[in-house]
Amino acid sequence: MSLYDRHVLPYLIDFACGMGAVMKARSQIVPLARGRVLEIGIGSGLNLSFYDPQRVEVIVGVDPSADMQRLARERAARCQVPVEMIALELGQIQAEDASFDDIVCTFTLCTIPDALAALREMRRVLKAGGRLLFCEHGLAPDLPVVRWQKRLTPLWKPLAGGCHLDRDIPALIEAGGFHIRQLDTGYLKGPRPMTHVYRGWAD
C-alpha cells in the first residue's frame, strides 16, 4: 500500500463523501434501517449520525481499510447505537447466514473489485424479509455523460480508491439476487460524471 493510499486517501474520501449533497442523500436512506444492521463499507463512519436509535439495535460495520476503520471508531464513540466491526476475509463477510434485518450500502459498490460477489454475500447474510438499503453513484442515463464516465474511470480509479464511475448499479443489485422495490435517481450537485445517484431499497 502506497503512502498516498494510507495517509492521504482516507482523508480525501472522508472529505468528498462528507460534502453537503452527499450527506443529504445519505440522510434520505439510512434512517430507514431497523433491527440488527450490517453496513457494507462503513468507511469513516459518515452514516452513523443518521441511524435512528429507536429502530436500530446494533450496527455491524465492514470495511477492508484499517485506516478508514480507525476513523469510523472515532465516530462510533459518539453514536447513540452500539457499533461493532467485523472482518472481511477473502471477500467473505464473517457472519452467519440470515443474521441481519437490514443492510446499508452507500457510496461503496463503486469501489468493490468484485461487486457482484459482494452482493451475493449480502444476500447470504440478510434475513428473509430483510432489505438492502442503498445509495450509490454510477452509470448516468445521458450518453454524453456516459462517454465521459468511460473516459475518466481508468484515470479516476487509482486516485479514488478503485472507484468506478460507470457501474450500472440497478443491474448489479438485481444480478446479485435482489429485487429492487423502490428506486429514485438523479444528479447531485457537482460534475455529472461523478454525481448520478441511485437511491432505494431491494429485498
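In this chain, numbering begins with 1 at the start of the sequence shown.
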**Q** Closest heavy-atom contact between L139 and H196?
**A**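 Closest heavy-atom pair between L139 and H196: O-ND1, 3.4 Å.
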**Q** What's the separation between atom SG in C110 and atom CG in L172, rounded to the nearest 0.5 Å?
**A**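 It comes to 11.0 Å.
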**Q** Please answer whether the main-chain N or O of T106 pairs with a side-chain N or O of T108 as donor and acceptor at a distance below 3.5 Å.
**A**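 Yes: the side chain of T108 pairs with the backbone of T106.
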**Q** For residues I40 and L38, report the shortest heavy-atom separation together with the two atoms involved.
**A**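 Closest approach of I40 to L38: CD1-CD2, 3.6 Å.
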**Q** Specify the closest pair of heavy atoms between A95 and V125, including all atoms of both residues, with the distance to one decimal.
**A**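 Answer, listing the atom of A95 first, then V125: O-CG1, 4.1 Å.
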**Q** Assess the residue pair E174 and I180 against the criterion (side-chain contact (heavy atoms from CB on, under 4.5 Å)); give the C-alpha distance rounded to whole Å, side-chain angles, the decisive distance to 0.1 Å, and a yes or no.
**A** CA-CA 7 Å; E174 294 275 352; I180 295 174; 3.6 Å; yes
**Q** What about V37 and M85, same hydrophobic cluster or not, with Ile/Leu/Val/Met/Phe/Trp/Tyr joined at side-chain heavy-atom distances under 4.5 Å?
**A**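 Same cluster: V37 reaches M85 through Ile, Leu, Val, Met, Phe, Trp or Tyr contacts under 4.5 Å.
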**Q** Is V197 linked to F134 within one hydrophobic cluster, defined over Ile, Leu, Val, Met, Phe, Trp and Tyr using a side-chain heavy-atom separation of less than 4.5 Å?
**A**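 No; F134 is not reachable from V197 via cluster members.
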**Q** How are the rings of H137 and F107 set to each other: parallel, tilted or perpendicular (split at 30° and 60°)?
**A**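 Rings of H137 and F107: parallel, under 30°.
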**Q** Would the number of heavy atoms belonging to other residues, nucleotides or ligands and lying under 6.0 Å from CH2 of W156 be above 12?
**A**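 For W156, atom CH2 is not crowded (no more than 12 foreign heavy atoms under 6.0 Å).
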**Q** Could you pull out the closest heavy-atom pair between P193 and Q149, with the gap in Å?
**A**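 Nearest heavy atoms, P193 then Q149: O-NE2, 3.1 Å.
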**Q** With sequence neighbours excluded, give me every salt bridge (charged side-chain N to carboxylate O under 4.0 Å, His left out) pair touching residues 150-160.
**A**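 Sorted result for residues 150-160: K150-D166.
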**Q** Under 4.5 Å between side-chain heavy atoms, counting indirect links through other Ile/Leu/Val/Met/Phe/Trp/Tyr residues: same cluster for I103 and I169 or not?
**A**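 Hydrophobic grouping puts I103 with I169.
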**Q** Hey, could you give me the OG1/NE2 distance between T153 and H164, rounded to the nearest 0.5 Å?
**A**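 T153 atom OG1 to H164 atom NE2 measures 7.0 Å (nearest 0.5 Å).
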**Q** What's the separation between atom CZ in F178 and atom CE in M122, rounded to the nearest 0.5 Å?
**A**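 Between F178 CZ and M122 CE, I get 7.0 Å after rounding to 0.5 Å.
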**Q** More than 12 foreign heavy atoms under 6.0 Å from CE of M19: is that the case here?
**A**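 Open.
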**Q** Do Q94 side-chain atoms and I86 backbone N/O form a donor-acceptor pair below 3.5 Å?
**A**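 Side chain of Q94 to backbone of I86: no pair is present.
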**Q** Tell me, with the steps shown, if L132 and L119 meet side-chain contact (heavy atoms from CB on, under 4.5 Å).
**A** CA-CA 10 Å; L132 170 64; L119 283 158; 3.9 Å; yes
**Q** Quick one: does I173's side chain get under 4.5 Å of Y198's, heavy atoms only?
**A**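 They are not in contact (no side-chain heavy atoms under 4.5 Å apart), so the answer is no.
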**Q** Could you tell me the separation between the CH2 atom of W148 and the CG atom of L143, rounded to the nearest 0.5 Å?
**A**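 Interatomic distance, W148 CH2 to L143 CG, rounded to 0.5 Å: 13.5 Å.
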**Q** Atom CG of N47 and atom SG of C105: how far apart are they, to the nearest 0.5 Å?
**A**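 The CG atom of N47 sits 10.0 Å away from the SG atom of C105.
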**Q** Checking salt bridge (Lys or Arg N to Asp or Glu O under 4.0 Å) for the pair D203/R131: CA distance, chi angles, key distance, verdict?
**A** CA-CA 5 Å; D203 59 15; R131 300 170 300 170; over 6 Å; no
**Q** What's the shortest heavy-atom distance between R192 and Y187, and which atoms?
**A**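 Scanning both residues completely, I find the closest heavy atoms to be NH1-CE1, 3.4 Å.
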**Q** In the structure I gave you, are the side-chain heavy atoms of S44 and R75 within less than 4.5 Å of one another anywhere?
**A**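 The answer is yes; the side chains approach within 4.5 Å.
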**Q** More than 12 foreign heavy atoms under 6.0 Å from CD of E74: is that the case here?
**A**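 Yes, the 6.0 Å shell around CD holds more than 12 heavy atoms from other groups.
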**Q** Starting at CZ of R26, measure out to SG of C17 and round the result to the nearest 0.5 Å.
**A**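 Separation between the atoms: 5.5 Å.
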**Q** Transitively linked via ILVMFWY side-chain contacts under 4.5 Å: V146 with L165?
**A**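 As far as the 4.5 Å side-chain criterion goes, L165 and V146 are not connected within one cluster.
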**Q** Evaluate D101 against R34 for salt bridge (Lys or Arg N to Asp or Glu O under 4.0 Å), listing each step before the verdict.
**A** CA-CA 7 Å; D101 298 294; R34 78 272 195 266; 5.4 Å; no
**Q** Closest heavy-atom contact between V81 and P53?
**A**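 In this case the closest contact between V81 and P53 is CG2-CA, 3.7 Å.
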**Q** Step through the shown structure and confirm whether more than 12 heavy atoms of other residues, nucleotides or ligands are within 6.0 Å of CD on Q28.
**A**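 Yes - once you tally the heavy atoms of other residues, nucleotides and ligands closer than 6.0 Å, there are more than 12.
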**Q** Are the side chains of R36 and V60 in contact, using a 4.5 Å heavy-atom criterion?
**A**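 Yes, at least one pair of side-chain atoms sits under 4.5 Å.
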**Q** Would you say D52's side chain and P31's backbone share a donor-acceptor pair under 3.5 angstrom?
**A**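 No: the side chain of D52 does not pair with the backbone of P31.
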**Q** May I have the step-by-step check of side-chain contact (heavy atoms from CB on, under 4.5 Å) for L48 and I42, ending in yes or no?
**A** CA-CA 9 Å; L48 293 177; I42 194 170; 4.2 Å; yes
**Q** When hydrophobic residues are tied together by side-chain contacts of less than 4.5 Å, even through go-betweens, does V30 share a cluster with I59?
**A**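 The answer is yes; both residues are in one hydrophobic cluster.
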**Q** What residues form a side-chain contact (heavy atoms from CB on, under 4.5 Å) with R120, not counting sequence neighbours?
**A**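 Per chain and number, R120 pairs via side-chain contact (heavy atoms from CB on, under 4.5 Å) with L116.
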**Q** Show your reasoning for whether side-chain contact (heavy atoms from CB on, under 4.5 Å) applies to M23 and F50.
**A** CA-CA 9 Å; M23 293 299 281; F50 296 124; 3.7 Å; yes
